[in-house]
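The chains referred to below are lettered A, B, ... by the order of the sequence lines, with proteins before strands, and numbering in each begins at 1.
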Amino acid sequence: MPELPEVETVRRGLAQAMAGQRIVGLEVRRDGLRFPFPADFRQRLQGATLERFERRAKYILAYTDRRDALLIHLGMSGRFTILPPTGPAEGPTTFYYNQAQAQGSGAHDHVVFDLEDGTRVIYSDPRRFGLMDITPAEQAREHRLLRGIGVEPLGDDFTPSYLAERFRDKKAPLKAALLDQRIVAGLGNIYVCEALFRSGLSPERAAGSIVRSKGASPQVRALVANIRTVLEDAIAAGGSTLRDYAQVNGELGYFQHRFDVYDREGKPCPRPGCKGAVERIVQSGRSTFFCRTCQK
DNA sequence: AGCTCGACCTGCACGC
DNA sequence: TGCGTGCAGGTCGAGC
């Protein structure tokens with residue numbers, strides 16, 4: 001699922017449902033996801049109050065009143081489902097989580113949080129590429145998985161001169177360079193394709209080739225601007241969808257979004273006046289979608 | 001040092 | 001219907 005905009009949408013949804021609340025029950029149904037859960041994982045979270053939710057790259061950091069941070073990555077297929085209490089309409093202490101039953105499955109529900117107000121939050125992840133870890137809050141941003149990650153593309157440090165510096169002399173194709181989390185944090189396969197399309201840049205082109213000897217070229221500037229807007233647009237779409245969608249079935253993360261090129265192989269190029277078609281190629285083992293006519 | 005690729009998992013869409 | 005194949009929004013670490 002998740003690239004930066006989806007993770008940000010999930011972060012906001014979790015904060016809305018969980019911040020300020022105590023975890024009164026925590027069920028951990030397997031040994032781990034991508035990595036084993038720490039031995040004291042459950043003990044450190046059970047009874048703790050969740051204070052605030054941050055995002056770094058595609059990671060979510062949930063800080064507790066015990067000076068811990070719960071580190072979460074959704075991998076490819078991680079999802080959170082929020083089930084508001086539907087009781088106690090039918091009884092003083094009974095809460096019905098019938099939405100979960102309506103959705104069936106549950107086979108991949110790995111971690112279940114029960115909060116003091118009766119909300120239940122379920123993490124499910126069929127492929128189990130996601131991860132959760134618990135770490136002291138002060139060191140959370142220096143966690144081994146976060147150390148070395150590049151700048152936030154929506155932050156002040158993501159500038160044309162930064163990108164030019166990191167791309168200079170780089171022979172890897174633009175596609176691979178933008179997927180490299182050590183350079184820019186949070187881009188994934190979809191938004192790299194989309195940002196390159198908006199910029200009119202070929203994903204096959206060497207990253208260093210858009211850098212002028214002096215520094216940031218117009219192409220670098222355009223790419224930086226387009227990366228920002230493609231992410232902001234997606235967050236806006238997720239945010240607007242979040243309200244309705246989360247009310248319908250409690251799920252956070254996926255939302256309806258139109259892409260210009262991603263997963264549109266063979267379709268006409270959406271650029272007005274362009275006669276080209278969207279092409280699919282494979283770069284470092286992953287699909288790239290682009291229009292050869294307008295992306296140079 | 002920089003880059004590519006396999007590995008980690010399950011589910012789903014497709015063609016035969 | 002069943003089976004094999006290829007594909008999926010990520011990323012770590014081995015190996016060139």
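Taking atom CZ of A:Arg168 as the reference point, atom P of B:dG2 lies 15 Å away to the nearest angstrom. For the pair A:Arg286 CZ and B:dT4 P, the interatomic distance rounds to 13 Å; values are reported in whole Å. For A:Asn189 and C:dC7, the CG to C1' distance is 12 Å, given to the nearest whole Å. Atom CZ of A:Arg182 is separated from atom C1' of C:dG13 by 12 Å (rounded to the nearest Å). The CD atom of A:Glu265 sits 16 Å away from the P atom of C:dG6 (whole-angstrom rounding). In this structure, A:Met76 atom CE and B:dC12 atom C1' are separated by 13 Å, rounded to whole Å. If you take CZ of A:Phe289 and P of C:dG9, they are 8 Å apart, rounded to a whole angstrom. Atom pair A:Ile235:CD1 and C:dG9:P shows a separation of 19 Å (rounding to whole Å applied).
Using a cutoff of 4.0 Å between basic side-chain nitrogens and carboxylate oxygens, A:Glu194 and A:Arg258 are not scored as salt-bridged. Between A:Arg12 and A:Glu8 a salt bridge is recorded (basic side-chain N to carboxylate O distance below 4.0 Å).
B:dC9 has no stacking from A:Phe129 on its base ring, since the centres under 5.5 angstrom apart and planes within 30 degrees of parallel are not both found.
Between A:Lys58 and C:dG9 there is no side-chain N or O to OP1 or OP2 distance below 4.0 Å. Between A:Tyr262 and C:dG9 there is a side-chain polar atom (N or O) within less than 4.0 angstrom of OP1 or OP2. Residue A:His108 has a polar side-chain atom (N or O) positioned under 4.0 Å from OP1 or OP2 of B:dG11. Within the 4.0 Å cut-off from OP1 or OP2 of C:dG10, not a single side-chain nitrogen or oxygen of A:Gln181 is found. Contact check, A:Ser77 against B:dC9: no side-chain N or O comes under 4.0 Å of OP1 or OP2. The side chain of A:His73 contributes an N or O atom lying less than 4.0 Å from OP1 or OP2 of C:dT11. Taking 4.0 angstrom as the limit, A:Arg34 places none of its side-chain polar atoms (N or O) nearer than this to OP1 or OP2 of C:dT11.
Relative to the six-membered ring of A:Tyr162, A:Arg221 misses at least one condition, a distance below 6.0 Å or an angle of at most 45° to the axis. Cation-pi geometry between A:Arg29 and A:Tyr123 is not met: the NZ or CZ atom fails to fall both under 6.0 Å from the ring centre and inside 45° of the normal. A cation-pi arrangement is present between A:Arg52 and A:Tyr63 under the rule of less than 6.0 angstrom and at most 45 degrees off the ring axis.
For a distance-only test at 3.5 Å, the side chain of A:Arg127 qualifies as a donor-acceptor partner of the base of C:dA8.
Pairs passing the side-chain hydrogen bond (donor to acceptor under 3.5 Å, both in side chains) check and including a residue from residues 37-47 of chain A, sequence neighbours excluded, read A:Asp40-A:Arg44, A:Arg42-A:Gln46, A:Arg44-A:Asp68.
Residue contacts shown for A:Tyr59 are limited to sugar-phosphate atoms, with no base heavy atom under 4.0 Å away. Within 4.0 Å of A:Leu145, counting heavy atoms only, lie sugar-phosphate atoms of the nucleic acid but no base atom.
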Once Watson-Crick and G-U wobble pairs under 3.5 Å are found, how is DNA chain C written in dot-bracket notation, 5' to 3', with | for any base paired to another strand? .|||||||.|||||||
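Screening A:Glu279, A:Arg280, A:Lys175 for a side chain to side chain donor-acceptor pair (under 3.5 Å) involving A:Thr288 leaves a single residue, A:Lys175.
Comparing the P positions of B:dG6 and C:dG6 gives a spacing of 14 Å, expressed to the nearest Å.
When the nearest nucleotides of DNA chain C are assigned to A:Arg144 and A:Val282 by heavy-atom distance, the more 5′-ward of the two goes with A:Val282.
Between C:dA8, B:dT10, C:dG9, one nucleotide has an atom nearer to the side chain of A:Arg128 than all others, and that is B:dT10.
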Let's go through A:Phe167 and A:Leu174 carefully: what are the C-alpha distance in whole Å and the side-chain angles of both, what is the deciding distance for side chain to side chain contact (heavy atoms under 4.5 Å, CB included) to 0.1 Å, and is it a yes or a no? CA-CA 9 Å; A:Phe167 275 10; A:Leu174 279 171; 3.6 Å; yes
